[in-house]
Amino acid sequence: MKRLILFGLLASSTAIFAQEKDNGTVSGGFESNAQWYLNDTGLLDEFYNPVVHPENPIRSNNYLFVNYKIKNWTFGVQGEGYFQDALLNYNPKYKDANIATYFAQFKNEKIDITAGYFYEQFGSGLLLRTWEDRALGINNALRGIRFIYKPTTYFTLKTLYGQQRTGFDVSEGKIYGTDAELSLSDIFKFEKDELSIGVTYVGRDEKTDIPDPKFNDLTNSFAGRLNFTHDSFYFSTEYDYKSKDAVVQVRNQIDNNLIKPGSALLLNMGYSKKGFGVDGTFRRLENMSFFSERIAKGNQFNDLIMNYVPSLTKQHHLNLANIYVYQAQPNVILNDVNLVKAGEIGGQIDLFYNFKKGTSLGGKYGTKVALNYSQYHGLGGEFYIFSPQDYQTDFFGFGKKYFSEYNIEVTKKWNDKWQSNFSFIHQYYNKKYIQETVGEVNTNILGAESTYRFNGNKSVRVQAEHMWADSDKKNWAALLAEFNLGTKYTVYVSDMYNYGNDDSKLRHHYYNIGNSYRYKSTRVALAYGRQRGGLVCVGGVCRFVPESTGVSLSLNTSF
């Protein structure tokens, strides 16, 4: 009954606001992602146990949000329902139905005040970023108040206070923040250059039940940043510092004897003009995990995470290239002499070049080439795992190699209807240090994709991939065929086959067949198949999903 009342109120409020459109505007949307999990005796785990459906095999995540804007005011509310439970491996705090977020906002040219739940990012997000990503099960909005003051075009000041969302509740820890940004190019009226500086403060105040703590309840963090652009050249940098705080090495265990500060350095520079671009990024992280509750560190749901620490590697569209996907390593581990780490150091470089039309390599329509290289290591230094535990890092010291990848991607248009894409990827993946298990994996991946467009907005896309791996589950092959019957209807079939597994009983097919239909702002999708267990990543942030088989239905609409 509670669920019906909640969604009934939200739906009726939409109708009420719509009737008052002369006095304001209403917008919103509804999203539902449902799964019917099935038993699958043909899909075995490493112990030869078949995949079985959970206790409640039919589950769905549902989101209904409504925003009402009138003059300088905006009001919003989002309700969520999880029936019978949330989808597998979502935060178990997502249960039943309830009001999830709400806010009231006043905004004019100089002032922006929000009370309730809000999302914010300071700088690159290495100290503070709150956002929602339903595919990852992340919604770490702050509930409190935010004030933005922009007295001139060249100065912006933000201040905020809040507690972070966790399920339908908020964190025990309290978050304070201030961010100021100054555009020097506007002050001095640079004609060709853009130059801005920014400073940030973020405080996390959380009391613990640790007797005689050697750390303060309040953890202070500071950052400074600079952004510069001149014609086609750009450069940006940010340095972050987190004051001394207790390290959490094991889930739910605060170490009162290991009190360390954290820091981060981010550098990015590049050059871009028509037909050519180069971009390089360097990042160093040391003890930079940051949660609104200390013991939340290490949870697999990204719950209560305050900062944004994505993996800075190429985001691949090939399925096989995302089996051994890198995850950023900001944490401290000193529990084993054979597995010690205090962060990461590394970066990536991208190069883009378009061979002009009419040249020998460009042909009639031109040819696009993209190169990428990335490599990450643990921090070098001295690590002591015996009492007392401690470490001292070298600022630019490179320790154990975690990950490396180089790849090339070529896009070629053959005629007005036919275009192809070819990729080669080599990866090195250290499972021991990234996943804290055992083993190292080297892979070579070939991928080819081709799209042919017919008359009447119809098209067919075919994608073929192969991975050679020297260990773990060994070789894979994958194939996808997608048919777009106009702009509204799509149907696809795909399969990923682990044919090279040394254990013949674990050589599984991960097949899927599905379709989607779009009408105006509404999209409905229905699919059946198997989910490969592993990481699902969006923008360099990942969540783990278990192996499963079933039918999925999704609905997304906006108004």
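Side-chain rings of Y201 and F222 approach one another, their centers coming within less than 6.0 Å. Centroid-to-centroid, the aromatic rings of H377 and F398 come within less than 6.0 Å.
Test T237, T200, D240 against R225 for side-chain hydrogen bond (donor to acceptor under 3.5 Å, both in side chains) and you get one pass: T200.
Between N475 and N501 the shortest side-chain heavy-atom distance does not fall below 4.5 Å. Between K214 and I259 the shortest side-chain heavy-atom distance falls below 4.5 Å. Side-chain contact check for E409 versus H317: some heavy-atom pair is nearer than 4.5 Å. A 4.5 Å side-chain heavy-atom check between L285 and Y376 finds every atom pair outside the cut-off.
Annotation: salt bridge (Lys or Arg N to Asp or Glu O under 4.0 Å) contacts involving residues 371-400, sequence neighbours excluded, comprise K260-D390. For residues 430-444, the pairs satisfying salt bridge (Lys or Arg N to Asp or Glu O under 4.0 Å) are K341-E436, K431-D472, with sequence neighbours left out. Sorted by first and then second residue, the pairs that involve residues 197-207 and meet salt bridge (Lys or Arg N to Asp or Glu O under 4.0 Å), not counting sequence neighbours, are R204-D245, E206-R294. Within the structure, the salt bridge (Lys or Arg N to Asp or Glu O under 4.0 Å) test picks out the following pairs touching residues 120-139 (sequence neighbours left out): E31-R134, E120-R146, E120-K158, E132-R134.
Minimum heavy-atom separation, A342 to Y391: CB-CE1, 3.8 Å. Across every non-hydrogen atom of N89 and P546, the tightest pair is CB-CD, 3.9 Å.
Atom NZ of K95 is surrounded by 12 or fewer heavy atoms from other residues, nucleotides or ligands within 6.0 Å.
With sequence neighbours excluded, the residues that form a side-chain contact (heavy atoms from CB on, under 4.5 Å) with D85 are N56, R59. For F301, the ring pair (Phe, Tyr, Trp, His ring centres under 6.0 Å) criterion is met by no residue, not counting sequence neighbours.
Both tests hold for K401 against Y428: distance to the six-membered ring centre under 6.0 Å, angle to the ring axis within 45°.
Between Y63 and Y82, the angle of the ring planes goes over 60°, which puts this pair in the perpendicular group of the 30/60° scheme. Using the six-membered ring where Trp is involved, Y117 and Y102 have ring planes that are perpendicular, over 60° apart on the 30 and 60° scheme.
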